[in-house]
Structure formats: structure tokens, C-alpha cells
There are 2 protein chains.
Amino acid sequence: MNRLLLVEDDMATCMAISSFFANEFEILVKNNGFDFLDTIKEFKPQLVLLDMNLPGPNGLKLLASMKEHLHSVPVFMITVRSGEEEILKAFQLGASDYITKPFSLKVLEVRIRRWMQKTRSESVIQIGAAVVDLLAAKVTIDRSKTDLTQKEVLVLRYLIANSGQVLSREQFLDYAWGYDFEGTSRTVDNVILSLRKKLGDTNDRQAIIQSHRGLGYSLNLPELLK
Amino acid sequence: MNRLLLVEDDMATCMAISSFFANEFEILVKNNGFDFLDTIKEFKPQLVLLDMNLPGPNGLKLLASMKEHLHSVPVFMITVRSGEEEILKAFQLGASDYITKPFSLKVLEVRIRRWMQKTRSESVIQIGAAVVDLLAAKVTIDRSKTDLTQKEVLVLRYLIANSGQVLSREQFLDYAWGYDFEGTSRTVDNVILSLRKKLGDTNDRQAIIQSHRGLGYSLNLPELLK
DNA sequence: TTTCGTATGACACTTCCATGACAAAAGGAG
DNA sequence: CTCCTTTTGTCATGGAAGTGTCATACGAAA
């Protein structure tokens with residue numbers, strides 16, 4: 001699950017955001033700007049929501065100090081003020097987006113998702129006729145539940161995380177078995193096989209887990225955005 | 001110079017934007033949504049600013065129809081209305097950003113700049129009428145999708161990586177088959193043949209994959225992304 | 001022990017693609 | 001322009017490699 005660092009001192013906003021995204025992201029809330037860099041290094045968030053007005057160093061200062069060292073982590077600035085100067089400054093310092101209060105949580109969600117380049121990172125996701133809960137390792141299809149084994153969860157998570165892309169058997173082995181594993185390609189095939197069974201997949205041209213001869217497998221969700 | 005397509009019926013906004021960006025971008029202004037797709041195909045903008053309220057088809061419709069064919073061009077929606085539904089819809093349809101009037105021209109500028117820097121590293125490429133996704137091993141042309149085989153992916157990747165250059169059959173064989181492969185030249189030809197079919201290519205003077213007698217093949221992209 | 005997860009091998013089946021044959025096109029020489 | 005050669009376009013086909021699937025063996029956990 002993706003990690004989200006929220007740095008915000010207004011309790012109402014904190015509560016709103018963290019409860020709204022609770023199922024989607026692992027959220028760490030900080031109420032001030034102290035120890036900002038250390039927090040990021042430890043928590044390793046995929047994205048940071050950063051308030052402008054904070055006790056301690058203010059948002060722009062934090063952004064500046066952070067972008068010196070950790071260039072790759074995207075930062076969304078959040079603020080009640082929306083002065084042009086400040087917005088420009090924020091973008092100039094490397095902010096990825098700039099959200100003005102009050103804002104819609106749903107809109108914030110799509111902006112975050114778009115930036116993470118992941119359309120779905122929920123733990124519960126619909127795959128064809130099946131509803132998959134990766135955390136609980138369960139598949140529900142037509143009201144009947146099936147458990148997923150460890151390997152099945154790993155393989156499926158990898159498929160979902162890279163949905164649409166063709167993944168080679170080597171990649172699966174590296175991800176789910178470890179780099180030192182000396183397995184045959186049959187090993188991956190069999191996990192795919194059982195996944196297909198549990199997902200009620202068909203293995204034809206409309207298959208959700210598609211085979212690509214000589215390349216690997218890919219997960220093709222029917223309608224990515226409905 | 002980067003090209004910017006502005007589709008907007010309010011003259012004041014048009015004037016403001018086009019004069020502000022005159023030195024930075026080559027701007028084409030359209031006052032309505034007619035001939036939208038054709039305009040894009042001819043003008044080949046790096047980015048589109050699209051108003052929601054237009055004479056003719058409205059902004060969301062245009063966005064939807066466009067994203068079916070031209071994935072790679074980022075679109076910023078511009079509007080006076082800012083209903084949550086509409087914003088969500090726009091993002092779901094593939095909008096890259098959503099700007100609410102009135103807006104600061106300078107802020108618009110940094111948002112545009114930031115997005116132009118971001119779009120360079122995409123795995124989805126437009127080749128003629130086809131949209132190619134090498135990671136997904138897939139070609140979309142007129143809404144119908146075709147899978148690419150292993151050899152097709154390799155050859156096409158090599159063509160794209162060296163687009164514009166003439167590549168000999170030997171080079172293809174070395175890259176996609178391996179140095180020790182003892183194949184005939186027909187082997188490469190057949191892959192090129194099937195690629196042309198899947199890409200909807202013509203094999204004439206305007207062909208995208210061009211033959212060079214005695215030399216090899218080259219990929220000629222119409223200078224959309226360089 | 002029994003049970004479950006997992007890895008491996010066997011076998012049938014499917015698909016790709018290398019090959020060769022021939023047609024079509026391009027280029028060069030006369 | 002015409003003929004001839006060389007190169008390329010295109011198709012059919014057989015073989016071989018990749019894959020689906022099942023049965024089985026092993027080990028860990030209950």
C-alpha cells in the first residue's frame with residue numbers, strides 16, 4: 001500500500017483527509033514541521049501533502065530543504081492563502097501541485113492518483129466478476145469466498161501494481177520468490193493457473209490475466225475508469 | 001518552439017493567453033469545438049488548453065473523443081464552472097489538469113511548464129494512426145486493440161530507439177535475435193510486414209516504416225515527439 | 001497423522017516464426 | 001524505354017518452442 005505523509009496542523013483537515021484515505025493509503029500525520037526530513041527518510045512516503053502554515057518552519061521552507069536532498073518525492077502544497085506569489089514560489093521550489101482550501105476530497109484523490117500514476121491502489125479491487133481483497137487474502141465471487149495463498153497474493157499484487165504491463169516470469173520470480181530463487185518457469189505458470197481459477201478467469205482473448213507468448217503475463221482490467 | 005492549442009470562445013481570455021505566451025509558444029486559437037481532432041492532427045500541439053463551454057460539442061465530449069485516439073497529448077481543462085462532478089469527470093477522461101477561471105497567467109505558465117517536462121518519459125507512443133504501448137505489448141488503432149508478439153516488440157523498440165535512422169537487417173538480427181543467429185533476411189522482413197499491418201502502415205512514400213533498398217528500414221515519426 | 005502450500009515433471013496442445021517459393025518492385029545497363 | 005538483375009513484399013507451411021494443465025512429491029504446520 002502506498003504511503004502518504006500529511007503535514008498539517010489543522011485538526012479538522014487532518015481528520016477529514018486521513019479518514020477519507022484510510023483504506024487507500026497508509027497515512028502518517030504530523031502536526032508540525034519539526035523533524036520533517038527525518039520523518040520522510042524513515043517513512044519513505046510515495047507522496048507528501050504539506051500545509052503552508054505550520055508551527056515551526058513553514059511549508060515553503062520545508063519544501064525547499066527537502067527538494068535539496070530528496071528530489072523524487074512529489075509534494076502537494078495545501079493552503080488557505082492562494083496568493084499568486086506564493087503559488088509561483090511553491091512550483092518554483094518543485095511542488096507537484098497546489099491545492100487551495102477548501103477543496104473536494106474526491107478531487108484531491110484523483111489528483112493524487114494521477115500523480116502516482118496508479119489508478120487503483122486500493123486493497124479491495126474488482127477484477128472481472130471477482131472482488132479481491134489483498135490484505136485479507138480473499139476472493140469473493142458470486143458470494144462464495146476463497147482464500148488466496150501467499151504466492152497468489154504476491155503474484156496478484158505485482159500484477160495489479162503494474163496493471164496493463166506485460167511482466168516476465170523472471171520479474172515474477174524476482175518479486176515473489178526472491179532474486180536467488182532457482183525455479184523453473186512452470187512455477188509461475190501454476191500460480192497463474194490457480195489465480196485464474198479463483199478469479200473465474202477464462203484464458204482467451206478477453207482474459208483478465210492474459211498470456212503473452214515469449215513475454216509473460218499482464219493484467220487487463222476491463223474498464224480502468226468507469 | 002512548443003506548440004499550444006487553445007480552444008476557447010471567450011475573446012478576452014483568448015487575447016490574454018495568446019499575448020502572454022506569444023514569445024514562449026507557438027499558439028493556435030480556435031473559437032469552437034468543430035474540427036477538433038483534425039486540428040490536433042495537423043497542428044500537433046505539445047499541449048491543449050480546452051474550454052468547457054464551447055459552441056458545438058462541449059469540452060468534455062471533445063476530451064473524450066480525443067483521448068480515444070491521441071493519448072499522448074496532455075489536455076488542460078479551463079472553465080468558470082467548478083462543480084465537483086465535472087472536475088472528476090474531466091480527470092477520469094484523461095485531463096492532465098483543471099484550471100478554474102479566473103486564474104493567474106503566471107500560475108498557468110508554471111503548470112504548463114511542469115507538465116511538459118513530465119510527459120517526456122512515457123511508454124505510450126503515437127505512431128501514425130496507431131497508439132503503441134511497448135510495455136503492454138499492445139497496439140490500439142481506431143479503438144481496436146492488437147497484441148504484439150515478442151519479435152514485433154523487439155523490432156519496434158529498436159526502431160523507436162533509433163527513429164529516423166536507417167537500420168540494417170543485420171542490426172535487427174543482432175538486437176532482436178542475438179549475435180549467433182544465422183537467419184535469412186526474410187526473417188526480418190516478415191516481422192516488418194506484420195508490424196506494418198498492425199500499425200496500419202501503407203508502405204509507400206509516406207510510410208512510417210520505410211524501406212531503403214539495400215540498406216534496411218527506418219522509422220519516420222511525423223515530428224510529434226522528439 | 002493429516003492437511004495444505006508449493007515446486008517440479010510430464011504430456012498435450014497452441015502459437016509463433018523461420019524458411020522457402022514466388023510475385024512484385026526498384027534500379028542499372030544497354 | 002526495355003530488359004535483366006537484385007532486392008523486397010507476401011503468403012503458406014512445418015517444426016519447434018512456449019504454455020495449459022494435471023499428477024505427484026516434498027516439507028511445514030496444524
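Proteins come first, then strands; the chains are lettered A, B, ... in the order of their sequence lines, and each starts at number 1.
For B:Glu152 and B:Ser194, the side-chain atoms include at least one donor-acceptor pair closer than 3.5 Å. A donor-acceptor contact under 3.5 angstrom links the side chains of A:Tyr217 and A:Arg169, judged on distance only. Between the side chains of B:Asp147 and B:Thr149, no donor N or O sits under 3.5 Å from an acceptor N or O. In this structure, a donor-acceptor pair under 3.5 Å is present between the side chains of B:Glu84 and A:Ser104.
Heavy atoms of B:Thr149 sit under 4.0 angstrom from primed sugar atoms or phosphate atoms, though from no base atom.
Looking at the side chain of A:Arg213, the nearest of the listed nucleotides D:dT10, C:dC16, D:dT8 is C:dC16. Closest to the side chain of A:Asn190, out of D:dC22, D:dT19, D:dT6, is D:dC22. Side-chain atoms of B:Thr187 lie closest to C:dA18 of the nucleotides D:dG9, D:dG20, C:dA18. Set against D:dT19, D:dT10, D:dC22, the side chain of A:Lys197 has D:dC22 as its closest nucleotide. Looking at the side chain of A:Arg186, the nearest of the listed nucleotides C:dG20, D:dG20, D:dG9 is D:dG20. Closest to the side chain of B:Lys151, from the set D:dT10, D:dT19, C:dA18, is C:dA18.
Rounded to whole angstrom, the span from the CG atom of A:Leu173 across to the C1' atom of C:dT6 amounts to 13 Å. In this structure, the CG atom of A:Asp147 is 12 Å from the P atom of C:dT6, given to the nearest Å. Computed from coordinates, the A:Leu193 CG to C:dT6 P distance equals 14 Å when rounded to whole Å. Going from atom CG of B:Leu154 over to atom C1' of C:dC16 covers 13 Å, rounded to whole Å. Straight-line distance from the NE2 atom of B:His212 to the P atom of C:dA25: 19 Å, rounded to whole Å. Atom CG in B:Leu215 sits roughly 15 Å away from atom P in C:dA26 (whole-Å rounding). At whole-Å resolution of the value, CD in B:Gln210 and C1' in C:dA26 are 15 Å apart. Computed from coordinates, the A:Leu195 CG to C:dT6 P distance equals 11 Å when rounded to whole Å.
Residue A:Gln150 places no side-chain N or O under 4.0 Å from the OP1 or OP2 atom of C:dG5. Taking 4.0 angstrom as the limit, A:Tyr217 places none of its side-chain polar atoms (N or O) nearer than this to OP1 or OP2 of D:dG18. In this structure, A:Arg169 reaches the D:dT19 phosphate: one of its side-chain N or O atoms is under 4.0 Å from OP1 or OP2. The phosphate of C:dT6 (OP1 or OP2) has no side-chain N or O of A:Trp177 nearer than 4.0 angstrom.
Between B:Tyr98 and B:Phe76, the distance separating the two ring centers is not shorter than 6.0 angstrom.
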